[in-house]
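To keep things clear, I will list the structure first and then write my remarks on it.
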Amino acid sequence: MTSSAITAPFTTATGSDVVVRFCPSPTGTPHVGLVRTALFNWAYARHTGGKFVFRIEDTDAERDSEESFEMILEALRWLGLNWDEGVGVGGPNEPYRQSQRTDIYLEIVEKLKASGHLYESYMSGEDIDARNEAEGRAKQLGYGNWERDASERAKYIKDGVSPALRLRVPDVDITFDDLVRGEITFPAGSFPDFVVVRPNGQPLYTLVNPVDDALMGITHVLRGEDLLSSTPRQIALYNAMFEAGITKFIPRFGHLPYVMGEGNKKLSKRDPESNLFHHRDRGFIPEGLLNYLALLGWGISAERDIFSLDELAEHFDVENVNPNPARFDQKKADAINASHIRLLSVDDFAERLIPYLQSAGVLGHQISDVQRATLKAAAPLVQERMVVLSEAPGLLGFLFKTADEIVIEDDAREGMPENVGEVLAAAIGALENVSDFKTEAIQEALNHALIEVLELKPRFAFGPLRTGISGRRISPPLFESMEILGKEETIKRLAAFARTV
RNA sequence: GGCCCCAUCGUUUAGCGGCCUAGGACGCUGCCCUCUCACGGCAGUAGCGCGGGUUCGAAUCCCGCUGGGGUCACCA
């Protein structure tokens, strides 16, 4: 029995009855827009006490790749977005990869055929174009639902050609209450009966996505706004499933705004900023990236924008998501990340620097006790100086080198005082007399020798020393750095630098 | 082109009829702090797209316009 209206009810699930899902297609590298969708779904599930399902939509053998699948898993794990049911953790609706669910779809298709919601369609693209032209219909209108009528359909049946399957769409206005945008109505006739199964029997996204959502009991569909216009189609399919006894309700939909790039364009996959791993490589920590991404469309309060994942979960509600598209602003993202870096405990911060120091070759695969001690001593000196962790090798590299490995960078030679040789000699002389080589004593000795005796301005007094021990114009605090290097090494470096000026 | 969505400082966001002389954050500018760079502190800069209504009163509600975006596949 096929009705001519939408009779299926929308879900009224709230609280712990909420079931959301994240269902990416494994194509390419994870995009920040995709991450934000995952984040909001996760946050909504955690906020309501509901369930977060993770499913993979790999029904396009042409474009899907195992490599991309692995990257999505790695991304979610790195970000700490855990799921309750789905790929890797199992659950009552296995399997969670659509490529393994073909039998399930075939069964649903049979039911929908039996209930009269699906019909065979033999018209090819060329047939449709030709018919539109013959009838003077605009080509953009596409399919004209001609084959709903069996006698019409008969005209297009060709020997040896299998039919596609189309959904018979009710000829009524379709209205739903979008969680972020409010009531939206698509007038009857906005779209034609659409194909849900290819002639070769392969079910398409148009079928498989709502079918899985229905079978898995998804109550709230939070997804990108690019899918907004396909929502009435899905509601039509839900209605068919309802009438065929496959499901009990239609989920609620919430369409999340785009993440934009430069200009007025969606952040393109080609844009490096769109690539999650690009940000990780630059030294974003998950806390920072997630916080920033949440800010694209949502805010925790009027006066605050730094918050943790737990706080996000506590306060997040889809209904407060702003419907307008937001531009990805790298500077703001950096600032948020920097704030989170400062929030880390020193030990945690130090640990997180290691991979960046290793990939830059500052540290090897094996880390010695001495290196670990140096890192521990140096971490607090730079924690407030970093925006992204990839700055670590540049900032800390000199602490893990020997005097002869120090390269004096060009810009570090600039701004030296006339008497740089004298300054270095005085500094060396002063340091040699420091018996307890600690920050305070070092500072005292150098202050006396350079500021008081030589009457130098601080920047002329300490600039050369900074360049000498680090080779750079910018470094962690000088005296602390000297303490970490030790007396002998410090003097060796200053002497070596003195020979080059 | 049809249909749909969107519209507050440069960016992001607060605002859900009077609390708005429109708030915060990032950015930018200046100052303070200072051994570099940062952190931090202080101050400043800058916005309701336009036009009609409704109302005693509109950034907030309604309509239109303009502008932007999306979508119209046997991709997802």
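Sequence lines set the chain letters: A, B, ... in the order given, protein chains first and strands last, and positions in each chain run from 1.
Rounded to whole Å, the separation between the P atoms of B/rG68 and B/rG49 comes to 16 Å. Between the C1' atoms of B/rC19 and B/rA14, the separation comes to 14 Å (whole Å). Look at the P atom in both B/rC61 and B/rA46: the space between them is 27 Å, to the nearest Å. Comparing B/rG23 with B/rG15, their C1' atoms sit 9 Å apart, to the nearest whole Å. Comparing the P positions of B/rC62 and B/rU71 gives a spacing of 27 Å, expressed to the nearest Å. Taking atom C1' in both B/rA7 and B/rG64, one finds a spacing of 15 Å when rounded to whole Å. For the C1' atom pair drawn from B/rG67 and B/rU29, the interatomic distance equals 32 Å after rounding to whole Å. Only the C1' atoms considered, B/rC63 is 16 Å distant from B/rU55, to the nearest whole Å.
Contact annotation: A/N324 side-chain N/O to B/rG69 OP1/OP2 distance is not under 4.0 Å. Checking the phosphate oxygens (OP1, OP2) of B/rA76, a side-chain nitrogen or oxygen of A/T59 falls inside 4.0 Å.
With a glycosidic angle no further than 90° from 0, B/rC39 counts as syn.
Closest to the side chain of A/D60, out of B/rA76, B/rG23, B/rC6, is B/rA76. Residue A/D305 has its side chain nearest to B/rA25 when only B/rA25, B/rA76, B/rC35 are considered. For A/R327, taking side-chain heavy atoms from C-beta onward, the closest of the listed nucleotides B/rU12, B/rC74, B/rC75 is B/rU12. Of the candidates B/rA76, B/rA14, B/rG70, the closest approach to any side-chain atom of A/A302 belongs to B/rA14.
Ring pair A/H279/A/F284 is perpendicular by interplanar angle, where above 60° counts as perpendicular and below 30° as parallel. Using the six-membered ring where Trp is involved, A/Y143 and A/W146 have ring planes that are perpendicular, over 60° apart on the 30 and 60° scheme. Between A/F316 and A/F40, the ring planes are tilted. Angles from 30° to 60° get that label.
Counting only heavy atoms from C-beta outward, the side chains of A/H220 and A/Y44 approach each other to under 4.5 Å.
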>> Protein within reach of the bases, or only the backbone? For nucleotides 36-49 of chain B, mark each nucleotide 5' to 3' as B, S or -, using heavy atoms under 4.0 Å.
In response: BBSSS---------

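At most 12 heavy atoms of other shown residues, nucleotides or ligands fall within 6.0 angstrom of atom CD in A/E67. Under a cut-off of 6.0 angstrom, the local environment of CD in A/E133 is sparse, with at most 12 non-hydrogen atoms contributed by other residues, nucleotides or ligands.
For the pair A/L228 and A/F328, nearest-nucleotide mapping onto RNA chain B gives the more 5' position to A/L228.
Side-chain contact check for A/E287 and A/N291: no donor-acceptor pair (N or O, by modelled atom type) lies under 3.5 Å.
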